[in-house]
2 protein chains.
Amino acid sequence: MKRPAPAHPDPEAIPKVDDSTLRGFVGYRMKRAFNVIQDDLSKTLKPFELRMLTYTALILIVDNPGLRQSQLADAMDVERPNLVVILDELERRELIVRDRVPTDRRAYALKATLAGRRLSEQAVAAVTAHEDRLMRGLDDGALETLRHALKTIEARKRRD
Amino acid sequence: MKRPAPAHPDPEAIPKVDDSTLRGFVGYRMKRAFNVIQDDLSKTLKPFELRMLTYTALILIVDNPGLRQSQLADAMDVERPNLVVILDELERRELIVRDRVPTDRRAYALKATLAGRRLSEQAVAAVTAHEDRLMRGLDDGALETLRHALKTIEARKRRD
DNA sequence: TATTGTTATACTCTATAACTATA
DNA sequence: TATAGTTATAGAGTATAACAATA
């Protein structure tokens, strides 16, 4: 019986889409690179039932005990309302607590529980392995230049 | 022995949130840098009533006349259904047309109209200026290293 | 049977306005 | 009045299943 033709019998038969105009832009390349990182990060965090946002929030709370929600929202560059559901999820899983601040009863002091600190430790180890995997092929000099370039771009942030 | 001298003796100076753990990850820096690029790009494209996705689609259609929707979706790394509304918008604005392919009546050959080519030309010029602004401060060597690093990361894409 | 484009749907991320309880 | 956290809501972006027309 006739087998269906192989997907790519001839490399010339599948003309690659020309994205040379877009390739000229760092933003285009960064979006594509970040998509790869994000995809791999999601898979890395899956076993811990964490997403990028819940992971980021957890680490920042572990590293900054007593943080207010508004400070965390500011640090994460998200609006306050969007943080609520993220913290609800971490609190429900008993990874963090929202302690009332005695001196300002409007605010909460965010703290990680022991379980939260343990999970963050494991997650950081997994994400470190994920980064090592993705950055393989870049030497120390290239990595340092990359970090510096990203910091420079971040510093161009508009506040209008 | 120097004390860490505060920039100005401001008692209201809020302590910065410590994100040193996250700063260790390129992914975190890239998300923050990309947010800045995306914000600025949105403002840059606003006068043309384009978003990142409609802009990307338009450029690829201009540069690849006759492209199929499935090829474009593949090139843009989006699922086919999500492309439909993007193309609907470009078609409604008469920037592109969906021509039937005579040899395969299931498919559409995407082509930019004259208006589409003109708009894409203007948009590319504006985005070029936006990139020049954002990348200011990076010398040619750093930029080249950045491009290469992003390509290397993109190439780590998983296909599972 | 497989593929192209489509519809319907759902989930995540993000942004704004308005509310509450404090200050 | 102003601020911290919340609720409600809406708009993007993304992913999957299922369908009609065509191969």
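Just so it is clear: chains get the letters A, B, ... in the order the sequence lines come, proteins before strands, and each one is counted from 1. Heavy-atom basis, side chains included; hydrogens, waters and symmetry copies ignored. Treat the numbers as computed from the prediction; the structure is a model and nothing was measured.
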Which nucleotide in the set [options] lies at the smallest distance from any side-chain heavy atom of [X]?
X       : options                   : value
L53(A)  : dA8(C), dA23(C), dC13(C)  : dC13(C)
R51(B)  : dG13(D), dT7(D), dA4(D)   : dG13(D)
S70(A)  : dA4(D), dT4(C), dT16(D)   : dA4(D)
Q69(B)  : dG5(C), dA17(D), dA21(D)  : dG5(C)
P81(A)  : dA4(D), dT16(C), dT6(C)   : dT16(C)
E79(A)  : dA8(C), dT16(C), dG5(C)   : dT16(C)
D104(B) : dT14(C), dT22(D), dG13(D) : dT22(D)

Round to the nearest Å and state the distance from [X] atom [atom1] to [N] atom [atom2].
X       : N       : atom1 : atom2 : result
R68(A)  : dT3(D)  : CZ    : C1'   : 12 Å
D39(B)  : dC13(C) : CG    : P     : 17 Å
L83(B)  : dA12(D) : CG    : P     : 17 Å
R80(A)  : dT14(C) : CZ    : P     : 14 Å
D88(B)  : dA12(D) : CG    : P     : 15 Å
M76(A)  : dA15(C) : CE    : C1'   : 15 Å
Y108(B) : dA20(D) : OH    : P     : 16 Å
L90(B)  : dG5(C)  : CG    : P     : 15 Å

Open item on the list: Name the residue from R29(B), K31(B), R23(B) that meets the salt bridge (charged side-chain N to carboxylate O under 4.0 Å, His left out) definition with E154(A).
Closed with: R23(B)
TODO: Starting from the C-alpha separation in whole Å, work towards a yes-or-no answer on side chain to side chain donor-acceptor pair (under 3.5 Å) for Y28(A) and R32(A).
DONE: CA-CA 6 Å; Y28(A) 177 74; R32(A) 299 185 68 92; 3.2 Å; yes
- [ ] Search all heavy atoms of I153(B) against all heavy atoms of L134(A) and return the closest pair with its distance.
- [x] CG1-O, 4.2 Å
Task: Nearest atoms (heavy-atom pairs only) where G27(B) meets F34(A) - done: O-CE1, 3.8 Å
Open item on the list: Both I86(A) and R106(A) contact DNA chain C. Which one's nearest nucleotide lies toward the 5' end?
Closed with: I86(A)
Open item on the list: Could you check whether the side chain of R105(A) and the base of dT22(C) have a donor-acceptor pair of N or O atoms closer than 3.5 Å, going by distance alone?
Closed with: no
Open item on the list: Quiz question: going by heavy-atom distance under 3.5 Å, is there a donor-acceptor pair between the base of dA15(D) and the side chain of N82(B)?
Closed with: yes
Open item on the list: Taking D40(B) first and then R133(B), would you say they form a salt bridge - that is, a charged N and a carboxylate O separated by under 4.0 Å?
Closed with: yes
- [ ] Using heavy atoms to find the nearest nucleotide of DNA chain D for R100(A) and K31(A) separately, return the residue whose nucleotide is more 5′.
- [x] R100(A)
